[in-house]
Amino acid sequence: MTKKFLLNESEIPARWYNIVAEMPNKPLPMLHPGTREALKPEDLYPIFAEEIARQELNQTDVWIDIPEEVRDKYRIYRPSPLVRACGLEKALDTPAHIYFKNESVSPVGSHKLNSALAQAYYCKKEGLTNITTETGAGQWGTALSFAAKVFGLELAVYMVKVSYEQKPYRRSLMQTWGAQVTASPSMSTKAGRKILTENPTYQGSLGTAISEAIELAMQTPNCKYTLGSVLNHVSLHQTVIGLEAEKQMEIAGEYPDIVIGCFGGGSNFSGIAYPFMRHSFKGGKATRYIAAEPASCPKLTRGVFQYDFGDEAGYTPLLPMFTLGHNFAPAHIHAGGLRYHGAGTIVSQLLKDKLIEATDIQQLDSFEAGVLFARTEGIIPAPESAHAIAAAINEALKAKEEGRRKTILFNLSGHGLVDMSAYDQYLSGDLSNYSLTDEEIAGNIGSLETII
Ligand SMILES: *Cc1c(COP(=O)(O)O)cnc(C)c1O
C-alpha cells in the first residue's frame, strides 16, 4: 500500500486561491477603528506593505500569482508530503482512510513559513529595510526570522514575556536566524513603558506585544508591521497547503469526505480547507470542513458573531467575526498558537453560513491524540496540531461505529520538538483540562459594545 504521496518541485502551486471572490456571501466589511467606515487598502498602508494591504481587501480576483522569488524559496521545503496514516488507522481499527498533509517539514517546523516568506518578499520589494512583529509561543516569530534573513530584512520581534522566559529555545531559534528579540512589555516603546511603570511585574500578552510592534513600525523609517494569522492575506498564502493536497489526493485516488485543521486564528485551517471548498461551491461536493479549537478558547463553538477588535488594546480595525471578546484571557494551555479570542472574517462568515463546522477539544484529549499519533506515525505533533489529530480520531471512530468507509484529511500544522516540556508535563500527569462556564463566556462577551 502506498503511504506517501509526493509532488515534483514544478508542481508547487503558481497561484494562491482567494476564496472571498467565490463565497456565496462575502464577509461584512472591516471597519476603520476611528471613523467606523469600511476599510480601504490605503487605510492599511501606514502599517502593512501595500501589496499586502491590497491582498487583504481583494474580493474580486479568484487567483493571485505567487511571485517567482517566493516560489523559489518554497522549494526549500515544498511540496510537502501527503501521508496516509496507516499506523493510526490500524491502531483505531477503523474503516476510515486517514490522510495528513505534513507541514512540519518546513525548516521552522510549521506552516507559518508559507506566509512569512510572502510577507517578507513584498516588504523587501517595496524598498523596506526593517519589519516588526509580535509572537506568543514563538512559532510565527521563528518563521518570520528565517524569512526576513532570506530576503535581507532586519526583524524586531516582541515576544510575550512569559513565553520569552518559558520557551528559551524558540527565542534562540529566532536569534540564530538573526532577529532581534525583545521581551514584551519592554521599555523600548511608549505602550510598553506605560504598562511597565503601572505594573512592573506584568508578564505580557499578545495584545501588548502587538501594540509595541505596531508602534515601533510606525516610528521607524522604512519599516512595516507583519501578522501571522487571522487576516485574509495570511489565509490566502496558506492555500498552497490545500492546493498541493488536492493534487496528492488525486494521486492517492481518493477525495476527502472530511477536511480538518486545528484553529487558532484560522490560517492553517483555511490553507487546507479553502481549495477543497471551491468544489463544494461549484461542483456540489458534500465534503465536511471541521475547525478544531481548544475547549479553553472556544470562539467558534461558543462565541458570538459580531464586530470586535483583533487585539487587546483595540488598535486594529474592527472585524466582523466569531469572538469571545478582545479582552478574553484564555487559560495557559500548551497549544499557545490556539490561544486567540477571535477568528478571521472569512472563516467566521463561512461558519455563520454553515458551510464549515467547528468542534472543541480538551487539552488532555489533544495530548492523548498527539501521543497516539507519535507512537503510530513517528512524528511528534505540535500541541496545536494535536487538536486536529484528536478531531480526526473522533471522526474515524464514528466511521467505525457506523461501519462506513470515510476519507479523512487533516493538516499536520507543525511538529512538537520544541514543545517537549509540554509533553513532559502530560506524561507526568501534571496537565489538566480547563472548562469555561456559560456565565464566564457571557460575562466577557457582554462587555463588548454592539456595532451590528
Ligand atoms: C500558529 C500555529 C497554529 C495556529 O494558527 P492558525 O493561524 O490558526 O493556523 C497551529 N499550529 C501551529 C503548529 C502553529 O504554529
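Start at 1 and go down the list; that is how both ligands and their atoms are numbered.
Interface of Leu338 with ligand 1, defined as ligand atoms under 4.0 Å from a residue heavy atom, comprises 4 (C). Close approach of ligand 1 to Ser229 (heavy-atom distance below 4.0 Å) involves ligand atoms 6 (P), 7 (O). For ligand 1 and Gly414, the ligand atoms under 4.0 Å from any heavy atom of the residue are 13 (C). Heavy-atom contacts of Cys262 reach the following atoms of ligand 1: 10 (C), 11 (N) (cutoff under 4.0 Å).
For atom 10 (C) of ligand 1, the choice among Gln238, Glu384, His387, Glu103 with the nearest heavy atom turns out to be Glu384. Counting heavy atoms only, Lys112 comes closest to atom 5 (O) of ligand 1 of the residues Arg339, Gln139, Glu293, Lys112.
Of the polar atoms of Gly264, at least one N or O is found under 3.5 Å from an N or O of ligand 1, judged by distance alone. Residue Ala382 has no nitrogen or oxygen atom sitting less than 3.5 Å from a nitrogen or oxygen atom of ligand 1, judged on distance alone. Checking only distances, Ser385 never comes within under 3.5 Å of ligand 1, N or O to N or O.
Taking atom 4 (C) of ligand 1 as the reference point, the nearest protein heavy-atom neighbour is Gly337 O, 3.4 Å. Scanning all protein heavy atoms for the shortest distance to atom 13 (C) of ligand 1 gives Ser413 OG, 3.4 Å.
When heavy-atom distances to ligand 1 are checked against a 4.0 Å cut-off, Val234 has no atom that comes that close, whether in backbone or side chain.
Taking the six-membered ring wherever Trp is involved, the centroid distance between the rings of Phe305 and Phe322 falls below 6.0 Å. Aromatic pair His326/Phe309: ring centres closer than 6.0 Å.
In this structure, Ser211 contributes its side chain and Gly207 its backbone to a donor-acceptor pair below 3.5 Å.
Aromatic ring orientation, Phe100 versus Phe373: perpendicular (interplanar angle above 60°, classes split at 30° and 60°). In this pair, Phe269 and Tyr274 present their aromatic rings perpendicular. The plane angle is above 60°, beyond the 30 to 60° band. Below 30°, between 30° and 60°, or above 60°: for Phe48 and Tyr225 the angle between ring planes is between 30° and 60°, a tilted geometry.
Side chains of Gln425 and His334: a donor on one and an acceptor on the other come within 3.5 Å. Using modelled atom types and a 3.5 Å distance limit, the side chains of Ser385 and Ser413 yield a donor-acceptor pair. Side chains of His111 and Ser106: no donor on one and acceptor on the other come within 3.5 Å.
Within the structure, the closest approach of His111 to ligand 1 falls below 4.0 Å when heavy atoms are considered.
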